[in-house]
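To start, the structure itself, in structure tokens.
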Amino acid sequence: MSGSTIHNASPSGDAEFRDVAQAHAPFRTGRLVLWLIIALIVVNFGWIVANNENFGWPVVAQYFFDPTVISGLYVSLGLTVIAMVLGVILGLLIAIARLSSDRLASSAASLFIWFFRGTPLLVQLIFWYNMSTLFPQLSLSIPFGPTLASWDTNSVITPMTAAIIGLALNEAAYMAEIIRGGLLSVDRGQSETAEAFGMTRARALRRIIIPQAMRSIVPPTGNQLISMIKATSLVSVIAMADLLYSVQSIYNRTFEIIPMLLVAVLWYLLITSILNVGQSYIEAYYGRSDRRNGAAAKPIAAATEEASH
Amino acid sequence: MTAPVIQKPLVRARKVHKAFDKLEVLKGIDLDIMPGEVVVVLGPSGSGKSTFLRCINHLEAINGGYIEVDGEQIGYRLRNDRLEKLSDNAIARQRRKIGMVFQQFNLYPHMTVLQNIIEAPVGVHGESRSDAVANAKRLLERVGLSEKADAYPRQLSGGQQQRVAIARALAIKPKLMLFDEPTSALDPELVGEVLATMRDLSKQGLTMIVVTHEISFAREAADRVVFMDGGKIVEMGKPEDVIGNPQHPRTQAFLSRFL
């Protein structure tokens with residue numbers, strides 16, 4: 001800071017004085033001042049938020065556990081779980097196809113990723129919801145041959161199925177790229193070793209490659225999961241009664257727009273915070289072989305069981 | 001060993017050719033290896049010795065000739081008098097009697113030492129878990145690492161990792177062991193422990209093919225030394241002949257660097 005008398009440690013000093021074990025950290029006044037200013041701003045902001053009647057905190061409290069809100073919350077969570085599970089499974093298959101040496105498989109996978117990453121999720125959802133205008137009838141038939149079974153599209157594509165299909169396919173495209181990156185991050189020697197020991201491709205993937213790829217797959221997947229929870233709010237446009245749709249249906253009646261949106265915001269924040277905690281546990285689990293002696297004691301027991309199948 | 005019946009070679013290589021794109025790496029290798037024989041393959045870098053080893057268990061597909069292990073042609077089969085490629089799963093089955101040790105150890109980093117060893121016996125060979133664990137413990141004792149069963153590979157030194165890798169390869173009770181430069185990635189002071197383990201194995205009637213730069217190991221442990229250069233076998237015979245009294249100028253030039 002001030003250009004006063006700071007000497008570079010020169011070889012002339014006394015060894016006792018220059019032992020870094022004796023060093024102390026100088027008091028940083030500027031830092032303390034900055035802390036105080038920021039603390040002041042934060043407290044002031046909190047005060048404003050808490051005392052502004054337009055936020056309607058009593059209304060927020062009143063509706064926080066409202067049955068409509070809670071059922072909307074269940075729909076959002078359910079959609080997230082189903083779409084994410086389907087997305088991960090499909091994404092894994094697409095990632096494997098994309099990495100395959102088979103031209104047909106890899107180009108089909110690329111085409112899928114190209115389309116579903118390249119168009120907005122909102123548009124995809126509306127598209128699925130309006131499927132019946134494109135294809136009034138859905139039928140199972142042999143190409144150019146007889147029809148085996150047929151359904152009315154509107155009875156198959158409900159808001160629920162449109163939402164699941166739309167979210168899952170979109171998620172699969174992103175997960176495929178994440179998983180592919182993870183699989184590529186594993187040392188080539190590992191799959192070679194698995195091969196040399198007579199493992200089939202499927203077994204090598206399941207036992208050797210995927211567990212190692214998990215370390216680079218989990219963090220971005222956590223990201224995706226959090227995005228997915230928020231993305232479910234898009235399904236409100238196709239009349240699916242998710243969390244956002246539920247609070248909207250209430251404020252359309254009561255006109256308490258801000259308080260009701262705050263109910264939704266707080267729920268979204270609460271869920272994503274819980275997920276963050278879960279993610280750090282999963283990351284610690286897949287990073288266990290990295291830790292040196294000591295801290296790894298508990299996961300070893302779990303891992304031994306895992307090896308038995 | 002048993003009474004001298006007329007033995008068939010365990011490994012039979014005929015006119016083996018291998019090219020990576022236009023680069024010819026193997027230019028016609030002929031080699032028979034009898035059961036129980038310890039063969040050390042020497043040669044300068046780029047001579048094709050590692051590639052040849054990797055062709056034996058079909059990690060590399062050859063472009064010409066054939067390789068047979070234990071009477072089965074590797075990677076192909078005759079059907080109606082026509083040779084056809086085997087499926088991946090059939091090739092995986094053929095590899096199950098061949099153990100391999102890699103230059104970079106290639107232990108599975110997410111598994112403990114014990115899990116590394118029992119993975120193939122349990123998962124590929126269908127051994128019961130308790131048998132596999134008991135066998136793994138015996139093998140660990142044999143390579144002197146009993147107390148490391150629950151350690152992760154990263155917690156071991158390079159030499160220890162390679163000894164675990166040897167135990168892992170032995171755990172599948174292989175008819176043939178392939179060693180691909182097993183000491184090349186090790187610090188000099190760790191080479192000895194791995195070579196000692198291998199020397200111990202060579203005395204127990206296991207068929208071994210060892211690609212290495214360790215001339216001393218070849219001299220002490222090999223039944224036969226094969227010297228390769230430029231994708232061909234230029235000289236082979238008893239170690240005292242090939243190493244002690246090389247005939248071919250390439251062998252002489254190569255060995256002179258180690259004197």
Side-chain angles (χ1 to χ4, degrees), chain A residues 96 99-102 105 182-183 185-218 282-309, chain B residues 53-54 56-60 87-125 128-130 132-133 136 148-156 165 168-169 171-172 174 178 180 185:
Chain A
I96 293 169
L99 288 172
S100 143
S101 53
D102 186 292
L183 297 179
S185 75
V186 178
D187 179 35
R188 172 93 189 81
Q190 291 289 314
S191 52
E192 198 163 72
T193 307
E195 240 180 278
F197 274 85
M199 288 189 207
T200 57
R201 285 263 167 78
R203 189 178 171 85
L205 263 178
R206 190 163 55 82
R207 295 287 298 164
I208 309 300
I209 308 302
I210 291 177
Q212 292 182 59
M214 285 307 271
R215 297 196 48 208
S216 45
I217 291 174
V218 169
I282 296 174
E283 279 175 28
Y285 175 77
Y286 282 106
R288 68 192 185 280
S289 61
D290 243 8
R291 256 164 291 147
R292 299 255 162 185
N293 316 319
K298 195 186 125 214
I300 285 179
T304 319
E305 279 163 37
E306 179 200 8
S308 60
H309 45 72
Chain B
L53 195 75
R54 293 160 55 82
I56 294 174
N57 64 354
H58 207 77
L59 284 182
E60 305 284 357
S87 69
D88 287 349
N89 286 355
I91 293 171
R93 226 166 291 129
Q94 289 186 328
R95 288 184 176 124
R96 289 177 191 175
K97 46 189 160 189
I98 306 174
M100 189 163 189
V101 175
F102 297 85
Q103 183 177 352
Q104 302 294 341
F105 332 133
N106 294 357
L107 293 179
Y108 311 128
H110 59 300
M111 296 183 180
T112 64
V113 164
L114 190 74
Q115 290 165 0
N116 261 279
I117 298 176
I118 65 173
E119 176 62 28
V122 174
V124 179
H125 296 257
S128 82
R129 199 181 139 78
S130 55
V133 169
K148 297 291 186 189
D150 292 325
Y152 281 98
R154 237 169 274 237
Q155 297 162 339
L156 304 179
R168 177 177 68 170
I172 63 167
L178 306 176
D180 186 6

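In what follows, chains are A, B, ... by sequence order, proteins preceding strands, each numbered from 1.
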Which heavy atom of A:Arg207 sits nearest a heavy atom of B:His110, and at what distance? O-NE2, 2.9 Å
Do you know which two heavy atoms are closest between A:Ala196 and B:Asn57, and how far apart they sit? CB-ND2, 3.8 Å
Looking at A:Arg201, I want to see if its CZ is surrounded by more than 12 non-hydrogen atoms of other residues, nucleotides or ligands under 6.0 Å. no
Tell me the closest heavy-atom pair linking A:Thr193 and B:Arg168, and the distance in Å. CG2-NH2, 3.3 Å
Side chains of A:Glu192 and B:Met100: closer than 4.5 Å at any heavy-atom pair? no
Applying a strict 4.5 Å limit to non-hydrogen atoms, the region of B:Asp88 in contact with chain A is side chain
Proximity breakdown for B:Ala165 and chain A, heavy-atom pairs closer than 4.5 Å: neither
Can you give me the closest heavy-atom contact between B:Ala120 and A:Phe197, atom names plus distance? CB-CD2, 3.8 Å
Does any heavy atom of chain A fall under 4.5 Å from the side chain of B:Phe102, the backbone, both, or neither of them? side chain
For B:Val124 and A:Met199 the tightest heavy-atom approach is CG2-CG, 3.6 Å
Tell me which pairs pass salt bridge (charged side-chain N to carboxylate O under 4.0 Å, His left out) where either residue lies in residues 99-110 of chain B, with sequence neighbours left out. none
Value for CG (A:Asp187) from CD (B:Gln104), rounded to nearest 0.5 Å, stands at 8.0 Å
At a 4.5 Å cut-off on heavy atoms, which part of B:Leu178 comes close to chain A: side chain, backbone, both, or neither? neither
Contact class of B:Ile98 relative to chain A, heavy atoms under 4.5 angstrom: backbone
Euclidean distance, B:Leu59 CG relative to A:Glu195 CD, rounded to 0.5 Å: 6.0 Å
Where do B:Pro109 and A:Gln212 come nearest, in terms of heavy atoms and distance? CG-OE1, 3.2 Å
